[in-house]
Amino acid sequence: MRLKGVYQSLKIKYGRQKWWPADSRFEVMVGAILTQNTAWVNVERALNNLKQANALSAKAIIKSNHDVLAQWLKPSGYFNVKAERLKHFCQWYLDHHSYDGLKYKHTAKLREMLLSVKGVGPETADDILLYAFNRKVFVVDTYTRRLFSRLGLVDGEIDYESLRAIFENELHAETVKTFNEYHALIVMHGKEVCKTSPLCDECCLQGICKQRDVSAAS
DNA sequence: ACCCAGGGTCATA
DNA sequence: TATGACCATGGG
């Protein structure tokens, strides 16, 4: 395993990332739900709709009409599903007295609580833990699995928790800031390079990133 | 016209 | 437990 080395390569190539792009912790949480299987540019439109309607708060979302909320969310896709998910999340959030009511909970407990919210799965929970609560949790996404299976460092079919454990064990000595940057760099790399260059023949990891992953290159 | 994007839930076997 | 169907917009 050479996870730190990959991090260094990505950091040299792309520099410091500024994640999570948001004006508040709550906006991070909403964005984490809206970005499920959705391009970020579309999420920004939905977030802007909420801002313009003065509805980017848990209370406003809770009391908004479903169809109205869905209209605001429309650009981010799955708007009916996401309207429900946002309401579930906001209800949970208010029930636990918002950020100040949650910030002292242990990470494992907080993660368990987040996963109990309907519509919040592992990646969304970890986005929220890392980027809103500043916890040292490694966010695994499709880019992560694809890149590291291509690098020959993990099995492409590895499940979420196992892959997260690999990262967190190997990077246990690193800081929250590194976890923050690392995931952002993986996404940047996935969007800018590997997407258009499946065999990584132009990528910054050339020399490391050989085409060992046949399935992902087809 | 097709594929995919910073996933997750639910029904079925 | 493990697949498959489903959700839905916008950009390439």
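By convention in this document, chain letters (A, B, ...) are assigned in the order of the sequence lines, proteins followed by strands, and residues within each chain are numbered from 1. Predicted model, so just to flag it, every value in this text is computed and none were measured.
Counting only heavy atoms from C-beta on, A:Asn42 has its side chain closest to C:dT9 among C:dT9, B:dG7, B:dC10. Of the candidate nucleotides C:dG10, C:dC7, B:dG8, C:dC7 has the atom nearest to the side chain of A:Val81. Among the nucleotides C:dA8, B:dG8, C:dG10, the one closest to any side-chain atom of A:Thr124 is B:dG8. Closest to the side chain of A:Thr142, from the set B:dG7, C:dC7, B:dC10, is B:dG7.
A:Val43 comes within 4.0 angstrom of nothing in the nucleic acid, heavy atoms only. At the heavy-atom level, A:Lys118 lies under 4.0 Å from the strands shown only through sugar-phosphate atoms.
The CD atom of A:Glu84 sits 19 Å away from the P atom of C:dC6 (whole-angstrom rounding). Atom CG in A:Asp126 sits roughly 14 Å away from atom C1' in B:dG8 (whole-Å rounding). Separating the OH atom of A:Tyr160 from the P atom of C:dT1 is a distance of 20 Å, rounded to the nearest angstrom. Distance, A:Leu114 CG to B:dG7 P: 17 Å, rounded to whole Å. Per the geometry, CD belonging to A:Gln36 stands 12 Å off C1' belonging to B:dA5, to the nearest Å. Here the C1' atom of nucleotide B:dG8 and the CG atom of A:Asp159 are 16 Å apart, to the nearest Å. If you measure from atom NZ of A:Lys191 to atom P of B:dC3, you get 22 Å, rounded to the nearest angstrom. With rounding to whole Å, A:Ile33 atom CD1 is found 21 Å from B:dA5 atom P.
Geometrically, A:Arg164 does not engage A:Phe138 in a cation-pi contact defined by less than 6.0 Å to the ring centre and at most 45° from the axis.
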Checklist outcome for this item: Taking Watson-Crick and G-U wobble contacts under 3.5 angstrom, with | marking pairs to another strand and [ ] crossing pairs, the secondary structure of DNA chain B is written .||||.|||||||
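If you find the closest nucleotide of DNA chain C to A:Asn37 and to A:Val41, the one lying nearer the 5' end belongs to A:Asn37. Both A:Arg45 and A:Asn80 sit near DNA chain C, but only A:Asn80 has its closest nucleotide nearer the 5' end. Taking for each of A:Val187 and A:Leu115 the nucleotide of DNA chain B with the nearest heavy atom, the 5'-most of the two is the partner of A:Val187. Closest-nucleotide positions on DNA chain B for A:Gly119 and A:Asp127 were compared, and the one nearer the 5' end corresponds to A:Asp127.
Separating the C1' atom of C:dT3 from that of B:dA5 is a span of 22 Å, rounded to the nearest Å. Taking atom P in both C:dA8 and B:dC10, the straight-line distance is 14 Å, to the nearest Å.
Taking the six-membered ring for Trp and thresholds of 30 and 60 degrees, A:Tyr93 and A:Phe89 have nearly parallel ring planes, at less than 30 degrees apart.
Under the salt bridge (Lys or Arg N to Asp or Glu O under 4.0 Å) criterion, A:Glu123 pairs with no residue at all, not counting sequence neighbours.
Side-chain atoms of A:Leu110 and A:Ile128, non-hydrogen and from C-beta on, never get closer than 4.5 Å to each other. With contacts defined as side-chain heavy-atom distances shorter than 4.5 Å, the pair A:Val139/A:Tyr182 does not qualify. When side chains are defined from C-beta on, A:Asp126 does not count as touching A:Tyr131, because their heavy atoms never get closer than 4.5 Å.
The pair A:Arg145-A:Glu157 fails the salt-bridge criterion, with no side-chain N (NZ, NE, NH1 or NH2) lying under 4.0 Å from an Asp/Glu carboxylate O.
Taking each heavy atom of A:Leu34 and A:Ala46 in turn, the nearest pair found is CD1-CB, 4.0 Å.
Remark: A:Arg146 is in phosphate contact with B:dA5, judged by side-chain N or O atoms under 4.0 Å from OP1 or OP2.
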